[in-house]
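The structure under discussion appears below in the form of structure tokens.
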Protein chains: 2
Amino acid sequence: MGAATTRAQIVEAADRLFYRNGFDHTSFADIAATVGLSRGNFYYHFKSKDHILGAVIEARVAERREWLRQWEAEEPEPARRIERFIELVLTNREQIQSHGCPVGTLTTELAKLEHPMLGQAACVFTAFRTWLAEQFTLLGQPEQADELAMHVLAFSQGVAVMANAFGDQAFIAREVDRMRDWLRTYER
Amino acid sequence: MGAATTRAQIVEAADRLFYRNGFDHTSFADIAATVGLSRGNFYYHFKSKDHILGAVIEARVAERREWLRQWEAEEPEPARRIERFIELVLTNREQIQSHGCPVGTLTTELAKLEHPMLGQAACVFTAFRTWLAEQFTLLGQPEQADELAMHVLAFSQGVAVMANAFGDQAFIAREVDRMRDWLRTYER
DNA sequence: GTCTATATACCGATAGAC
DNA sequence: GTCTATCGGTATATAGAC
């Protein structure tokens, strides 16, 4: 098994474990048990735990950019593209109920740790933010585009935190309906 | 200095540190340095770290209930009472920018730790939820009261997560304005 | 009620054999 | 490229002197 494959396995396992158990709470032993490697061998692939975090964030940004590319290809209407983002919390409602939003829970944790990579983690939000603002500009709202993009992002985070705190999935569907109605007021 | 005072000091220091640095990331040494006690002496006042967490949650619930009592006393109109809650994120915007919402960040962390006290921590939300629902009932929305209460809570959490991730205070004021406008549609 | 000393476990990270 | 063994640090928690 080559280095590239092992490295990718480490990143994939770390991504999942950071999401489910948190970054600080995830140990090398946890990742090692998942991948099937010994603890000491990690340092051949990564210089430190923070470097693994960097690779995980990079992978998440790349994955989200791919989602955006697909939504653009599948939906010609900007309003439908924004709706695709809104529907994310519905599609992933089971995981959100158990572990919250992968992006929001990571930035929240890194802020508490005063971790220097908080800015990097926020870039995952920025990818959505920029893209959503572009869609609102296409919807004829160029001046408020960024504000509306932030509003949609805040919606997703509010829903995720509350669904996670109460373990309530049903709540998500109601909030998505409410958000769809709101979005409709901006359609031409 | 009696036991009751020392205990209260421990709870107060732990409350602040759990908020600023997270529960798991806060050690007895951190609390000890703040209160001015030795590590070993903690176990005279609390059986374990989880028992300190329990006391912190209890103190937070009590403090929030006191806020609600005051808002009820000061504002006869239910809409103004709800607005007082909405304004919380504006009043505490500096701390939210740095450390997020004390309630939401704790439930998020405890969910990742699969900590048995997640349900207890969610009770702080429940205190607000029940009270907000009462106000919406007074506003003439008894059927949707709980749904509207959850919507207001989700707003506060969405704003807190995004302001914390981007370190952006200005964003909070815009979202509060938006929420005030929304609330106005329910006033009679 | 508060202290020091310590038990026990786990953490991230390193060294060196193969 | 993967392994074992281990270092140094820190964590929660306990024991016992004062």
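Each chain gets a letter, A, B and so on, in the order the sequences are listed, and its residues count up from 1.
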Could you tell me if the ring centre of [X] sits under 6.0 Å from that of [Y]?
X: Phe46(B); Y: Phe28(B); result: no
X: Phe166(A); Y: Phe171(A); result: no
X: Phe85(B); Y: Phe155(B); result: no

Are any of [X]'s side-chain N or O atoms less than 4.0 Å away from OP1 or OP2 of [N]?
X: Ser27(A); N: dC11(C); answer: yes
X: Thr6(A); N: dT2(D); answer: yes
X: Tyr44(B); N: dT2(C); answer: no

ask   = For residues Gln141(A) and Gln144(A), is any side-chain donor paired with an opposing acceptor at under 3.5 Å?
value =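 Looking only at side-chain atoms, Gln144(A) and Gln141(A) do form a donor-acceptor pair, the distance falling under 3.5 Å.
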request  = Look at all strands and tell whether Tyr43(B) reaches a base, only sugar-phosphate, or nothing, counting heavy atoms closer than 4.0 Å.
outcome  =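 The answer is base, as Tyr43(B) lies within the cut-off (heavy atoms under 4.0 Å) of a base atom.
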Whole angstrom value for the distance that separates [atom2] of [N] from [atom1] of [X]:
X: Phe28(B); N: dT12(D); atom1: CZ; atom2: C1'; value: 6 Å
X: Asn41(A); N: dC18(C); atom1: CG; atom2: C1'; value: 13 Å
X: His45(B); N: dA13(D); atom1: NE2; atom2: P; value: 16 Å
X: Arg39(B); N: dT14(D); atom1: CZ; atom2: P; value: 15 Å
X: Phe46(B); N: dT12(D); atom1: CZ; atom2: P; value: 15 Å
X: His51(B); N: dT12(D); atom1: NE2; atom2: C1'; value: 14 Å
X: Lys49(B); N: dT14(D); atom1: NZ; atom2: C1'; value: 17 Å

Earlier contact from the 5' end, DNA chain C, for Lys47(A) and Asp30(A) =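 The residue closer to the strand's 5' end, by nearest nucleotide, is Asp30(A).
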ask   = On DNA chain C, nearest-nucleotide positions of Ala29(A) versus Leu37(B): which is more 5'?
value =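 Nearest nucleotide further toward 5': that of Leu37(B).
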query = Taking only residues two or more places apart in sequence or in another chain, which ones pass ring pair (Phe, Tyr, Trp, His ring centres under 6.0 Å) with Phe23(B)?
reply =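 Applying ring pair (Phe, Tyr, Trp, His ring centres under 6.0 Å) to Phe23(B) gives Phe18(B), His115(B).
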inquiry  = One thing to verify: whether Arg80(B) and Glu83(B) come together as a salt bridge, which I'm taking to mean a side-chain N less than 4.0 angstrom from a carboxylate O.
reply    = yes
remark   = The ring pair (Phe, Tyr, Trp, His ring centres under 6.0 Å) partner of His151(B) among Tyr186(B), Phe136(B), Trp182(B) is Trp182(B)
message = Of the listed nucleotides (dA13(C), dT4(D), dA13(D)), which one gets closest to any side-chain atom of Ser38(A)?
response =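 Shortest atom-to-atom distance from the side chain points to dT4(D).
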inquiry  = I need the residues from residues 18-25 of chain A with at least one non-hydrogen atom less than 4.0 Å from DNA chain D; give them sorted by number, or say none.
reply    = none
